[in-house]
Amino acid sequence: MSDIRIATPEDQVLLDKEAKYCSYGDTVHYIEPPRIFSRCEGSYVWDTEDQAYLDLQMWYSAVNFGYANPRLNNALKKQIDTLPQIASQYLHKGKIELSEMIAVDAKNKFGLDGRVHFNVGGSQSIEDSLKVVRNASNGKSLMFAFEGGYHGRTLGASSITSSFRYRRRYGHFGERANFIPFPYHFRGPKGMTKEEYGSHCVQQFARLFETEYNGVWDPKTNQCEYAAFYVEPIQGTGGYVIPPMNFYRELKHVLDQHGILMVSDEIQMGFYRTGKLWSIEHFDVQPDVIVFGKALTNGLNPLGGIWAREELINPTVFPPGSTHSTFASNPLGTAVGLEMFKMTSEVDYGAMVMAKGKYFLEGLQDLQKRFPIIGDVDGLGLALRCEICGPDGFTPDKATLDYMVEEGMKGDMVVDGQKLGLILDVGGYYKNVITLAPSLEISYPEIDLGLKLLEQLLVRATKR
Ligand SMILES: Cc1ncc(COP(=O)(O)O)c(C=O)c1O
């Protein structure tokens with residue numbers, strides 16, 4: 001690691017100040033020394049020495065439409081010059097039109113009337129959804145969620161996020177969720193197809209409702225102790241794990257039988273990451289609540305929110321003030337969100353993302369054939385995974401992936417005479433999965449470039 005990219009003298013001054021004045025608690029601080037960036041465009045970011053890095057994680061999928069997307073940036077600039085700020089108790093056009101777009105789309109896709117509600121950030125929107133489902137179930141506070149699930153780090157969201165790591169120091173508010181196994185086929189029991197394993201997971205879950213002694217169900221009153229099941233249709237932080245296509249249909253059947261709501265957390269997989277507006281659309285089920293954030297504004301504004309069925313969120317049951325926050329439905333955020341919806345409705349984003357995703361996945365499959373340390377590759381749209389393992393192609397190898405990420409950040413790889421770095425994100429239960437979330441605007445030559453850079457990192461990792 002001796003030749004890891006060292007900060008410039010100017011950067012060092014800033015880093016010394018950061019070490020003294022900045023909390024580390026609001027960051028992940030994965031890279032040592034932390035890198036300082038000065039500009040971004042498309043699929044690239046540049047550091048203070050003007051070294052370019054191809055970004056294959058796009059701010060954890062918050063920047064789906066490319067850095068500094070001109071159309072979305074212009075929507076923000078235009079809003080700054082018209083109505084940049086107004087308290088949430090007063091109305092503005094952008095909020096209403098954006099809500100309409102989301103609600104009409106949901107009606108068309110799921111056949112359900114519903115309303116849209118805004119807040120700031122993903123975790124805060126998860127908090128709001130917890131209020132919606134608790135309220136709709138007469139105050140039930142227990143939730144199901146998945147092993148490997150991530151819903152944010154506020155105290156309520158922490159209680160339905162499976163990692164104890166995030167709760168260890170701070171505890172959590174609300175009861176800890178009942179965490180149910182997710183059909184992670186690559187690491188599931190041998191001898192079952194992906195679909196069989198999906199059905200098996202649902203059958204294991206359904207066992208909880210067999211008798212009153214399984215602890216969640218009162219057959220005498222037909223009441224469940226749990227209000228909702230929080231799902232990430234494709235697990236994000238859990239390693240871009242794609243369940244079998246039969247899974248949610250079968251799960252929803254069990255939930256419907258027992259009056260349990262399904263909340264689809266689309267914060268990371270929403271806005272065409274998987275080739276659909278909402279990733280749950282791949283699975284032929286009707287969610288009761290959808291939670292969104294991140295790419296709604298392409299990372300330009302922390303607007304997030306929820307869509308919920310009319311029965312759960314109409315003003316009689318969920319009146320003004322239920323979750324209000326000062327910056328909820330702020331006009332800069334809604335202006336960008338609205339423009340994003342217009343932009344994605346003008347071309348067939350779904351088809352474009354699926355085609356690029358297929359091409360990228362084929363490239364990963366080719367790398368897998370040549371590098372035994374790649375245990376698994378998979379993808380849905382442009383949510384792609386590449387699992388780094390030992391030579392047996394199965395034992396998780398976090399150390400090798402950490403090495404690859406650091407090597408990518410050196411910015412010293414050369415492809416066709418161009419010196420480049422590569423930004424990767426690490427996820428998965430064993431922190432050995434490259435979770436690839438490239439810009440949806442990435443070009444085919446840029447996908448080829450990304451694959452060549454990955455190949456160089458794999459060669460370095462194999463030779464180390
Ligand atoms: C699926 C999912 N839910 C919730 C969150 C929390 O969102 P935020 O970081 O905006 O609070 C994230 C963030 O990564 C996420 O991926």
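Every number for a ligand or one of its atoms is a count from 1 in the order of the listing. Index from 1, following the sequence.
Both cation-pi conditions hold for Arg187 and Phe394: the charged atom is under 6.0 angstrom from the six-membered ring centre and inside a 45 degree cone around its axis.
Among all protein heavy atoms, the one lying closest to atom 3 (N) of ligand 1 is Asp265 OD2, 2.7 Å. Of the protein's heavy atoms, Gly122 N, 2.9 Å lies nearest to atom 10 (O) of ligand 1. The nearest protein atom to atom 9 (O) of ligand 1, hydrogens excluded, is given as Ser123 OG, 4.4 Å; this is a heavy-atom distance. Counting only heavy atoms of the protein, atom 16 (O) of ligand 1 lies nearest to Gln268 NE2, 2.7 Å. Of the protein's non-hydrogen atoms, Tyr150 CD2, 3.7 Å is the one closest to atom 15 (C) of ligand 1.
Residue contacts with ligand 1 for Lys294 involve side-chain atoms from C-beta outward but no N, CA, C or O (heavy atoms, distance under 4.0 Å). Contacts between Glu232 and ligand 1, counted as non-hydrogen atom pairs separated by less than 4.0 Å, involve the side chain only.
Here is the list of ligand 1 atoms found below 4.0 Å of a heavy atom in Gly152: 4 (C), 6 (C).
In this structure the side chain of Phe182 never reaches within 4.5 angstrom of the side chain of Cys201, judged on heavy atoms.
Checked by atom type, the side-chain pair Asn246/Glu250 shows a donor-acceptor distance below 3.5 Å.
In this pair, His185 and Tyr197 present their aromatic rings tilted. The plane angle is within the 30 to 60° band. Ring geometry for Phe110 versus Trp307: interplanar angle of 30 to 60°, hence tilted.
Looking at every heavy atom in both residues, His172 comes nearest to Ser158 through CB-CB, 4.3 Å.
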